[in-house]
Amino acid sequence: MKVRTRFAPSPTGFLHIGGARTALFSWAFAKKHGGQFILRIEDTDVARSTPEAVQAILDGMHWLGLDYDEGPFYQMQRMDRYKEMIQKMLQEGSAYYCYCSKEELDMLRESQMQQGLKPRYDGRWRPEEGKRLPDVPVGISPVIRFKNPLDGHVVWNDLVKGEISIANQELDDLIIARADGTPTYNFCVVVDDWEMGITHVIRGDDHVNNTPRQINMLQALEATIPQYAHLSMILGSDGQKLSKRHGAVSVMQYDDDGYLPEAVLNYLARLGWSHGDDEIFSMQQFCEWFDLDHITPSAAQFNTEKLNWLNAYYIKQADAERLTTETKTRLKAMGVVVDGDEHLSAVVALYKERANTLNELAESVAYFYRKPVIDATAAEKHLTPEVKPAIAQLAEVLKAINWQPELIHHAINEEVSRYQLKFPKLAMPLRVMMTGIAQSPSIDQVMYLLGRDEVLSRIV
RNA sequence: GUCCCCAUCGUCUAGAGGCCUAGGACACCUCCCUUUCACGGAGGCGACCGGGGUUCGAAUCCCCGUGGGGACGCCA
C-alpha cells in the first residue's frame with residue numbers, strides 16, 4: 001500500500017517549532033516510502049482561524065522546503081461531506097441529538113470534578129433500548145453526539161509509543177456537530193483521514209487521547225484504520241512546555257534571527273530521532289534514513305546552542321553568493337549600505353567561519369561600511385602611547401605601498417622590527433582602530449579589504 | 001481528581017539481555033595551532049531516577065514507588 005501522510009495544522013497561529021517537526025517527520029516518512037504527503041488546513045474553528053495564520057503556515061512550510069504532494073485542503077470547504085456523514089451516522093444510530101445546554105454541561109462537569117471523577121458527559125440523551133429520553137426542550141438547538149461503545153478497550157499499536165490501551169468506559173459521547181450544525185475536529189479528522197486515504201497519522205502526542213475516539217468512529221463508519229505515530233513534545237530550553245507566551249516561536253522567526261533552513265531542519269530531525277551517531281546530514285540523507293523505530297517516545301528539550309553549532313556549520317558550507325545576498329539584506333535592515341557585492345563577498349569569506357548566525361555575520365562585518373564604535377576597554381588596553389610613533393610611521397609607509405595583503409603585512413612587520421616590538425603589539429592597536437574591538441580576522445586582510453583611504457582615516 | 005504517556009551525562013541522543021569499565025554530539029574545561037578572537041585539531045569533566053523481582057547475566061524484561069508531561073471543550 002502506498003504510504004500517505006498528512007500534516008494538519010489549525011490556522012490559529014504561526015507554524016511553530018513543534019508543528020514544523022511534525023510536518024518534517026510526516027514529510028520524510030512519505031518521501032522515504034515513495035508516498036504522498038498531504039497538507040490539510042483544519043479551519044473548522046471559525047472563531048479562531050484566520051487567513052493570516054494560513055499564510056503564516058504556508059510561509060513556514062515553504063521556507064523549510066517542506067513541499068506537499070496534495071493540498072492544501074481546507075476543511076471548511078468540505079462541510080457538505082461531513083454533514084452527509086453525520087446524517088448517515090444519525091440514520092444508522094451511531095450518533096444522536098443531545099439537547100443539553102452548555103450551562104447544564106458545565107454544572108455536570110463541575111460536580112464530577114468535585115467528586116474526584118473524570119469529567120464527562122453522562123449520556124442523558126443517549127438513546128438506549130427501553131430507555132425513556134427526556135422531553136425535548138423548546139428553544140434549544142441540539143448538538144450531535146457520537147454513540148461511543150460502552151465497554152471493551154480500544155487498543156492500537158502506536159508506532160512510536162508501542163501498544164496503548166484505553167477503556168471505553170473512560171470515553172464519553174463526544175460532540176461531533178455543534179448546535180449550529182458545523183462538525184467538530186475529531187469528526188472531521190476521521191472523515192478526512194479516511195477519505196484522503198491516510199495510511200500513517202503522524203502527529204503530536206497531545207492527540208493520544210483523541211485516538212481511541214477516532215478509532216471508534218472509524219469503526220462505526222466501517223472505515224479503514226490508519227496506523228498512528230504520536231510524537232512527544234518539544235520543551236523550551238528551560239524544560240517548560242512551549243506555549244504562546246512561553247518561548248513558542250514561529251519558524252519564520254528563525255529566518256529573522258539569521259538561521260539557515262537547513263540548519264533548523266537538521267536540528268529538528270535530530271530532536272527525537274536518531275540514526276546512530278550521525279549528527280549532520282542533508283535532507284536527502286534524512287529521507288533515506290528516516291524511520292519511526294528510532295523516534296524517542298520521551299519529550300525533548302530545545303537547545304539553542306546545538307542549533308547554533310549546526311547553523312555555524314551550514315554557514316561555513318553555504319555558497320558565497322547566497323551568504324553575500326543574505327548578509328546584504330541584513331546589513332540593509334541595520335541601515336548599513338554596502339558598496340558592491342564583490343567587496344562584500346570577500347568580506348563575508350573572511351568572516352563566515354566566525355559566525356553562528358547570519359545576523360552575527362552581518363553585525364561583525366558592518367564596520368567595513370560604517371565607522372566602528374571604539375570599545376573603550378579595548379582602546380585603553382591597546383592604544384597605548386608607546387605604540388603611537390610606530391603607528392604614525394606605519395601610516396606614512398602605507399600611503400606609498402602597493403595595496404596588497406602581503407605588502408601590508410610586510411609593512412607592519414617592518415615597523416615591528418624597527419621599533420623592536422612583538423607583532424601583536426602593533427596588530428592589536430590597529431585592530432582596535434580598524435574594527436573598534438580587539439577581535440578580528442588577520443589584520444592585514446582586514447586592512448586590505450577596508451581600503452587604503454579608510455585605513456588611513458581610521459588611524460588616529 | 002481521573003485516565004494515558006514518559007524517565008541514560010547540564011542538553012540532544014546511541015543502546016532491542018552478555019559487544020557497556022555505557023558510545024557520539026552540543027555546551028563546559030585544558031592543551032595545540034596562532035597576529036587577537038574565532039575556525040580547526042588533541043584530550044578532559046560528565047549519566048543508566050529509587051526499590052524490588054525475572055535471569056547464569058539487566059541501562060535493556062516485569063512490578064511498585066518517585067518525578068515529569070499530556071488529556072479530560074459545542075478548540076484543534
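In the text below, chain A, chain B and the rest are named by the order of the sequence lines, each starting its count at 1.
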Which listed nucleotide ([options]) is nearest to the side chain of [X]?
X        : options                : result
A/Leu271 : B/rC12, B/rC74, B/rC26 : B/rC12
A/Glu353 : B/rU2, B/rC39, B/rU35  : B/rC39
A/Ile443 : B/rG70, B/rC4, B/rU35  : B/rU35
A/Lys306 : B/rC26, B/rC74, B/rA76 : B/rC26
A/Arg178 : B/rC26, B/rA76, B/rG73 : B/rA76

Report the base-pairing partner of [N] (Watson-Crick or G-U wobble, both distances below 3.5 angstrom), or none.
N      : result
B/rA25 : B/rU11
B/rA71 : B/rU2
B/rA38 : none

For a quick check, tell me whether the side chain of [X] and the base of [N] share a donor-acceptor pair closer than 3.5 Å.
X        : N      : answer
A/Ser440 : B/rU36 : no
A/Asp206 : B/rA76 : no
A/Arg431 : B/rU35 : yes
A/Asp277 : B/rG23 : yes

C1' atom, B/rU54 versus B/rG41: distance in rounded Å?
48 Å
Pick the P atom in B/rC6 and in B/rU13, then give their distance to the nearest Å.
15 Å
Please confirm whether A/Arg145 makes a cation-pi placement over A/Tyr121, using NZ or CZ under 6.0 Å from the six-membered ring centre and within 45° of the ring normal.
yes
Would you call A/Asp45-A/Arg48 a salt bridge at under 4.0 Å N-O?
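Between A/Arg48 and A/Asp45 there is a salt bridge, with a charged N closer than 4.0 Å to a carboxylate O.
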Name the residue from A/Phe29, A/Tyr228, A/Phe25 that meets the ring pair (Phe, Tyr, Trp, His ring centres under 6.0 Å) definition with A/His200.
A/Phe29
B/rA14 OP1/OP2 closer than 4.0 Å to side-chain N/O of A/Ser274
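Yes.
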Could you walk me through whether A/Phe290 and A/Trp273 pass the ring pair (Phe, Tyr, Trp, His ring centres under 6.0 Å) test, one step at a time?
CA-CA 8 Å; A/Phe290 185 70; A/Trp273 175 83; 5.8 Å; yes
